[in-house]
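Shown next, in structure tokens, is the structure this report addresses.
Whatever order the structure lists them in is the order used to number ligands and atoms, beginning at 1. Both backbone and side-chain heavy atoms feed into the values below; hydrogens, waters and symmetry mates do not.
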Amino acid sequence: MEFLLLVSLSSVLALSLIFLLFKHTLSSGPKLPPGSFGWPILGETVEFLFGNPDKFVGDRMRKYSSTVFKTKILGEKVAVFCGPAGNKFIFSNEQKLVTEWRPHSMQKLMRSYEANSPPPPSANPNESKTKVLRQPGFLKPEALCRFMEQMDSTAQQHMKLHWEGQSKVLVFPLSKNFTLSLASKFFLGLNEHERITRLANEFDDVSLGLHSIPWKFPGTIFYNASRGAVAIRKALLSVIREKKEALASGARSQDILTYMVAAADPATGRMMPETEIADKMMGLLTAGYSTVAIAITFLMKFVGERPDIYEKILAEQLAIKKSKNPGETLAWEDIQKMKYSWNVTSEVLRLTPPLQGTFREAMTDITYEGYTIPKGWKIYWTVSSTNNDPTYFPNPATFDPTRYEEGNAALPPYTYVPFGGGPRLCPGKEYARLVVLTFLHNMVNRFKWELVDPKEKIIVDMMPTPSKGLPVRLIPHSA
Ligand SMILES: *[C@@H]1O[C@H](CO)[C@@H](O)[C@H](O)[C@H]1NC(C)=O
Ligand SMILES: *[C@@H]1O[C@H](CO)[C@@H](O)[C@H](O)[C@H]1NC(C)=O
Ligand SMILES: *[C@@H]1O[C@H](CO)[C@@H](O)[C@H](O)[C@H]1NC(C)=O
Ligand SMILES: *[C@@H]1O[C@H](CO)[C@@H](O)[C@H](O)[C@H]1NC(C)=O
């Protein structure tokens with residue numbers, strides 16, 4: 001009996017020893033960043049998509065680490081890099097340690113063509129999908145300069161149609177109408193932009209679906225987004241075919257769509273298939289309109305709350321207007337003079353960033369702050385890890401455009417990154433700046449405005465939205 005007990009005791013001991021040894025070898029593996037993978041399957045996706053992004057990041061930075069934490073979102077293990085050092089690390093290691101990655105929902109919505117025509121096997125992985133847009137200079141100052149006249153006249157026309165003669169309007173839907181018609185002029189070269197603006201709801205569905213759980217059955221966000229994408233693609237394909245016919249009959253125009261239709265890929269000599277062009281244009285239009293509309297909407301909100309700031313913007317914009325001949329449209333040089341107006345816009349982008357952040361993928365095992373981020377993990381940077389940090393933005397909740405003025409302590413690099421940074425700095429930054437400032441110029445020179453509902457709830461998910469569309473009362477200057 002005693003012998004048996006001894007045997008079983010020693011085997012228990014031996015087992016524990018083996019277990020301890022085994023555990024030791026396990027824990028001497030890579031040291032992952034602190035954090036939680038959350039629930040099985042879903043991970044922390046729901047908290048990420050439907051919570052306040054500031055809170056999602058802020059809570060975890062406090063709980064786990066202010067430099068990097070792990071989570072599981074959108075079906076992937078993700079390391080969230082925080083603070084200026086995290087931003088710097090990502091922005092300066094593009095194509096060295098990290099590469100572009102898009103959530104599965106975004107890939108499925110925007111790359112339908114890959115299902116039918118896989119990319120040619122010789123394709124250089126370095127040729128990122130968006131490179132074609134970064135290269136030919138469509139979003140470069142020269143191209144934007146050429147577009148300024150059309151941008152300003154579109155803004156004037158938009159004011160006449162939708163704002164003048166109204167006493168009360170909803171800012172958010174009107175801003176979307178404006179930015180979508182501008183985007184279809186600029187990217188597609190379409191003048192009868194109703195063909196695209198009538199699809200505003202579909203574009204909204206697609207925007208929402210870009211960051212979503214890719215479950216496609218009636219009732220899901222992704223289902224609505226896929227349906228929207230089908231309708232948009234159909235409209236775009238008909239525009240593309242017309243472009244081809246126009247090109248064949250010798251018409252020339254300078255929009256991105258014409259370029260894509262006409263040009264072969266220099267590396268492969270391959271013409272881009274129509275479906276691929278349609279997907280790329282849908283991506284551009286979606287990116288180029290919703291974020292800009294959000295920026296305009298919150299600019300209207302914050303300025304509507306602050307008559308003192310409104311007066312300063314008006315003084316700046318009135319001076320520019322007076323420097324022009326009657327009927328002369330805004331030019332590139334005029335935009336450069338809108339310094340105070342841009343600083344106000346910068347403060348809007350800090351407090352309600354239209355874009356939260358973007359993903360990368362680790363190209364290799366990465367060591368950062370003593371932790372290992374294994375190859376294949378996704379990496380996320382987010383404006384939320386710095387834009388409300390009182391170290392860089394004293395009294396972060398206060399709307400204060402003077403914080404960007406000279407004489408104030410300069411912001412350390414990588415603290416203010418509403419457009420990202422490094423080689424992947426948002427290529428549309430300059431475009432967005434021109435659109436917002438052109439709108440503001442036309443707005444303040446016509447109206448003063450008041451918020452109808454100063455307590456209107458702001459929904460802060462992936463994209464901030466005023467719950468009622470931001471109703472304002474317009475007070476024309478002549479009155
Ligand atoms: C991609 O870029 C990296 C770094 O710039 C380089 O080392 C690598 O050779 C490139 N790959 C190809 C296939 O060109
Ligand atoms: C946008 O405005 C145009 C008129 O310029 C109108 O035809 C179109 O229906 C509007 N779209 C939306 C979604 O309001
Ligand atoms: C999907 O679209 C329908 C019809 O437009 C709408 O009623 C519904 O709320 C949408 N569902 C989601 C989850 O957005
Ligand atoms: C606006 O901000 C810039 C820095 O981005 C600063 O140099 C300038 O003084 C500010 N101008 C005004 C009028 O606030």
Side-chain angles (χ1 to χ4, degrees), residues 42 45-46 48-51 74 84 105-106 108-109 172-173 176 198-232 286 290 295 299 302-303 306 308-320 323 333-351 353 383 386-387 392-394 398-419 421 425 429-430 432-434 436-437 440-441 444 459 461-463 465 467-469:
L42 276 180
T45 303
V46 174
F48 175 72
L49 290 180
F50 305 107
L74 301 165
S105 44
M106 209 182 276
K108 286 189 175 152
L109 288 172
F172 193 36
K176 288 197 279 196
R198 79 184 162 76
L199 292 170
N201 290 333
E202 282 78 2
F203 274 104
D204 282 346
D205 285 346
V206 171
S207 299
L208 259 183
L210 291 178
H211 295 94
S212 66
I213 304 166
W215 290 342
K216 194 161 141 189
F217 46 83
T220 65
I221 290 176
F222 188 72
Y223 178 85
N224 282 9
S226 307
R227 213 178 36 177
V230 168
I232 293 169
T286 309
S290 54
L299 181 60
F302 286 115
V303 176
R306 291 284 298 272
D308 56 324
I309 292 177
Y310 173 87
E311 291 302 331
K312 283 179 155 172
I313 295 178
L314 179 61
E316 183 172 85
Q317 298 294 347
L318 206 53
I320 292 169
S323 73
E333 301 74 50
D334 299 315
I335 302 285
Q336 311 315 315
K337 293 179 195 152
M338 303 182 181
K339 291 199 174 0
Y340 180 74
S341 301
W342 180 246
N343 290 1
V344 174
T345 311
S346 302
E347 186 66 344
V348 172
L349 298 179
R350 181 183 71 82
L351 279 167
V383 289
T386 52
N387 67 344
Y392 314 114
F393 303 98
T398 310
F399 188 87
D400 178 14
T402 66
R403 61 173 91 239
Y404 305 101
E405 274 171 25
E406 270 153 296
N408 285 343
L411 281 174
Y414 303 102
T415 50
Y416 181 75
V417 288
F419 295 99
L425 175 77
K429 176 180 176 184
E430 204 47 32
R433 192 169 83 99
L434 297 181
V436 173
L437 291 174
L440 187 63
H441 176 82
V444 295
I459 302 162
D461 289 345
M462 290 304 284
M463 288 185 158
T465 354
S467 57
K468 296 177 184 168

Rounded distance (nearest 0.5 Å) linking atom CG of L299 with atom CG of L440:
5.0 Å
Separation between CG of L349 and CG of N387, rounded to the nearest 0.5 Å:
10.5 Å
May I ask you to decide if L74's main-chain N or O and T45's side chain share a donor-acceptor pair within less than 3.5 Å?
yes
Atom 11 (N) of ligand 3 touched by protein heavy atom at under 4.0 Å
yes
d(D334 CG, L434 CG) to nearest 0.5 Å is 11.0 Å
Report the part of R227 (side chain from C-beta onward, or backbone N, CA, C, O) that has a heavy atom under 4.0 Å from ligand 3; answer both or neither where that applies.
side chain
CG on L109 to OG on S212, rounded to 0.5 Å:
6.5 Å
Would you mind listing which atoms of ligand 3 come within a distance below 4.0 Å of any non-hydrogen atom of I221?
13 (C)
Distance under 4.0 Å to a non-hydrogen atom of G219: what atoms of ligand 3 satisfy this?
13 (C)
Per-atom contacts, ligand 4 versus Y404 - under 4.0 Å to a heavy atom
2 (O), 3 (C), 4 (C), 5 (O), 6 (C)
Straight-line distance of R350 CZ to Y404 OH, nearest 0.5 Å
5.0 Å
Judging by distance only, is a nitrogen or oxygen of T220 under 3.5 angstrom from one on ligand 3?
no
Protein contact of atom 9 (O) of ligand 3 - nearest heavy atom, named by residue and atom, plus distance:
N224 ND2, 4.8 Å
Point-to-point distance, once rounded to the nearest 0.5 Å, from NZ of K312 to OG1 of T402
7.0 Å
Return the closest protein heavy atom for atom 7 (O) of ligand 4 as residue, atom name and distance.
E406 OE1, 2.9 Å
Going by heavy-atom distance to atom 14 (O) of ligand 4, choose the closest among L411, N343, V344.
N343
Regarding ligand 4, does E405 bring an N or O atom to under 3.5 Å of one of the ligand's N or O atoms?
yes
